[in-house]
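The structure appears below as structure tokens.
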Amino acid sequence: MAALSAIVSHSGCSTLPTSGPTNALARADQLDPATLPYAMVKVTTGVEDILERNSSRMGRVFVDRRGPSEIRFGIGDTVSVTVFEAAAGGLFIPANAGVRPGNYVTLPNQQVDTQGNITVPYAGAIKAQGRTAVQVQAAIVAALKNRALEPQAVVALVDQRASSISVLGEVGTPSRFPASASGERLLDAISRAGGPRNPGYDTWVMLERGGKQAAAPFAALLEQPANNIFVRPQDTIYVFTQPQTFVAFGASGQQGQFPFGAWRLSVAEALGKAGGLNDNLADPASVYIYRGERREVAEQLGVDCSRFSGPIVPIIYNLNLRDPAGYFHASKFEMRNKDVIFTSNATSVESGKLLTYLRLITATVNDPLMAAVNAYTVKGLATGTSAATVVNTTSTVK
């Protein structure tokens, strides 16, 4: 038996047909980790917590969830300026102006120039970029107070361009519209653009802000309010469709590529989609999820990343479903797009394959011998020279 086990573990594993690695992969932690081109991580509650903290969600990338600050002028905005004086005969209102509705003058609308300024007669260039309307009004009054009669100014934003929000992609009306001073969230902005064309589980929302990007399923904005963050001026929102799939190999009920069919999917649900584990083949302790993780996530998982180059580290997660607690882990562990699930065969299956292989070899050797014996016997019977008793030697090793 010991010799047979040695043959199975050494010769059989490399020569017998199989759909992937054997369950010896579960013992990879007994090998030198530096020799492996991947990292092995056993699924535990701590591992799941780390992955949950690093999952792709808006609220985790853009941690500042406060509403937008005051709308400030920017280059390209069109503004109107109205200057009031206390009485006629001042700088803007001559004494002989006649009947007029009030002691004020409205200047022609003008854009904030490339230097960030607007121009007010007798006040010169007034800095507008990065300032609120109240601040620009104060700057105009300060520039005119020694020349006009108790001047006051009212500045209004006519055409808002610098503080706009762009919503692109698969929405009803892709557009760019002014940011609201009252504050809007992602769902509000998408609604202003006509809503998503395909509000299914394959719809994703990507937000770009200040050189940073984050994407989340559209359903995550609905079911997890922390992801429905406030939008800010100059944000770009892109709505797109990305079908999510995973691949199942090995001793599962079915093998192939399967769609998620939901905006998120657990390993338990993925195994269910693939028909569960094959009761005649599978080793429940050897369920593996193949995935590439970001380097910083791998380091949090305790992986020695020094032997890996690049930002992505190949990791194989091992899930033990022989342990009843493994089913709770499988229900919490979330699948990601393009994950691969592999279920290894049990050791007894590999032993059975080896026995079948040995039987094939012995039968290959035995069959020509039996054919020769049978031919000799038939010939003897035909010539009458053979003994009447025919020895049956078919009791070969099966």
Surrounding OH of Y201 (heavy atoms of other residues, nucleotides or ligands, distance under 6.0 Å), is the total greater than 12? no
Of all the heavy-atom pairs spanning A153 and I140, show the shortest one and how long it is. CB-CG2, 3.9 Å
Between V158 and V79, the two heavy atoms sitting closest are CG2-C, 4.0 Å
Any side-chain to backbone donor/acceptor pair from R185 onto N228? Under 3.5 Å, distance only. yes
Here the pair of heavy atoms bringing Y288 nearest to S344 is CE1-CB, 4.2 Å
If you take all heavy atoms of V112 and A128, which pair is closest and at what distance? CG2-CB, 4.1 Å
Heavy atoms only: give me the nearest I71-A179 pair and the separation to one decimal. CD1-O, 4.0 Å
Pairs meeting criterion salt bridge (charged side-chain N to carboxylate O under 4.0 Å, His left out) with involvement of residues 222-232, two or more places apart: D64-R232
Can you list every pair that meets ring-ring contact (aromatic ring centres under 6.0 Å, His included) and has a residue in residues 108-146, with sequence neighbours left out? F92-Y122
side-chain contact (heavy atoms from CB on, under 4.5 Å) with T106: which of V81, T82, V83? T82
Find out whether D283 and T343 are in side-chain contact, i.e. whether some heavy atom of one side chain is under 4.5 Å from a heavy atom of the other. no
Between OG1 on residue T114 and CD on residue Q129, distance to nearest 0.5 Å: 9.5 Å
Quick one, V313 and L301 - any side-chain contact, counting heavy atoms below 4.5 Å? no
Lys/Arg-Asp/Glu bridge criterion (N-O < 4.0 Å) met for K332, D49: yes
Test item: Q255 side-chain N/O and G250 main-chain N/O as donor-acceptor pair under 3.5 Å: yes
Quick one: ring-ring contact (aromatic ring centres under 6.0 Å, His included) pairs with a partner in residues 256-280, sequence neighbours left out? F246-F258
Determine, step by step, whether L144 and L91 satisfy the side chain to side chain contact (heavy atoms under 4.5 Å, CB included) criterion, reporting the C-alpha distance in whole Å, the side-chain angles of both residues, the deciding distance to 0.1 Å, and the verdict. CA-CA 9 Å; L144 295 175; L91 183 63; 4.2 Å; yes
Are any non-hydrogen side-chain atoms of M58 and L207 less than 4.5 angstrom apart? yes
Any sub-3.5 Å donor-acceptor pair from R192's side-chain atoms to D188's backbone N or O? no
Apply the test side chain to side chain contact (heavy atoms under 4.5 Å, CB included) to residues I190 and I237: give CA-CA distance (whole Å), side-chain angles for both, the deciding distance (0.1 Å), then the verdict. CA-CA 8 Å; I190 295 173; I237 302 168; 4.2 Å; yes
Applying side chain to side chain donor-acceptor pair (under 3.5 Å), can you list everything that pairs with D235, at least two apart in sequence or on another chain? R209
Under a 3.5 Å distance rule, please check whether D113 uses its side chain to pair with a backbone N or O of N117 as donor and acceptor. yes
Using atom types as modelled and distance alone, determine if a side-chain donor or acceptor of D339 lies under 3.5 Å from a backbone N or O of R336. yes
Distance-only polar pair, side chains of R72 and Q135, donor-acceptor under 3.5 Å: yes
N/O donor-acceptor pair under 3.5 Å between D77 side chain and F73 backbone: no
Backbone N/O of V171 and side chain of R197: donor-acceptor pair under 3.5 Å: yes
Report yes if some heavy atom in the side chain of L221 is under 4.5 Å from a heavy atom in the side chain of V205; otherwise report no. yes
Whether the side chain of N318 engages the backbone of A285 through a donor-acceptor N/O pair (distance < 3.5 Å, no angle test) should be reported. yes
Tell me, with the steps shown, if F333 and L319 meet side chain to side chain contact (heavy atoms under 4.5 Å, CB included). CA-CA 10 Å; F333 192 101; L319 187 63; 6.0 Å; no
Donor-acceptor pairs under 3.5 angstrom involving side-chain atoms of residues 163-170: please list them, not counting sequence neighbours.
unit_1, atom_1, unit_2, atom_2, d
S163, OG, Q160, NE2, 2.6
S164, OG, R161, O, 3.0
S164, OG, R176, NE, 2.4
S164, OG, R176, NH2, 3.1
E170, OE1, T241, OG1, 2.5

Are V47 and Y317 close enough that some pair of their side-chain heavy atoms sits under 4.5 Å apart? yes
Do side-chain atoms of N337 reach the backbone of T245 as a donor and acceptor pair under 3.5 angstrom? yes
Is there any ring-ring contact (aromatic ring centres under 6.0 Å, His included) pair reaching into residues 136-168, and which pairs are they, with sequence neighbours excluded? none
Would you kindly say whether S182 and S180 are connected by a side-chain donor-acceptor distance under 3.5 Å? yes
Give a yes or no on whether E70 atom CD has more than 12 heavy-atom contacts from other residues, nucleotides or ligands under 6.0 Å away. no
Does the distance from a Lys or Arg side-chain N to an Asp or Glu carboxylate O, for E293 and R291, drop under 4.0 Å? yes
Under 4.0 Å between a Lys/Arg side-chain N and an Asp/Glu carboxylate O for E150 and K145? no
Is there a donor-acceptor pair under 3.5 Å between the side chain of Q254 and the backbone N or O of A274? no
Going only through I, L, V, M, F, W and Y residues with side-chain contacts under 4.5 Å, is there a path from V239 to L187? yes
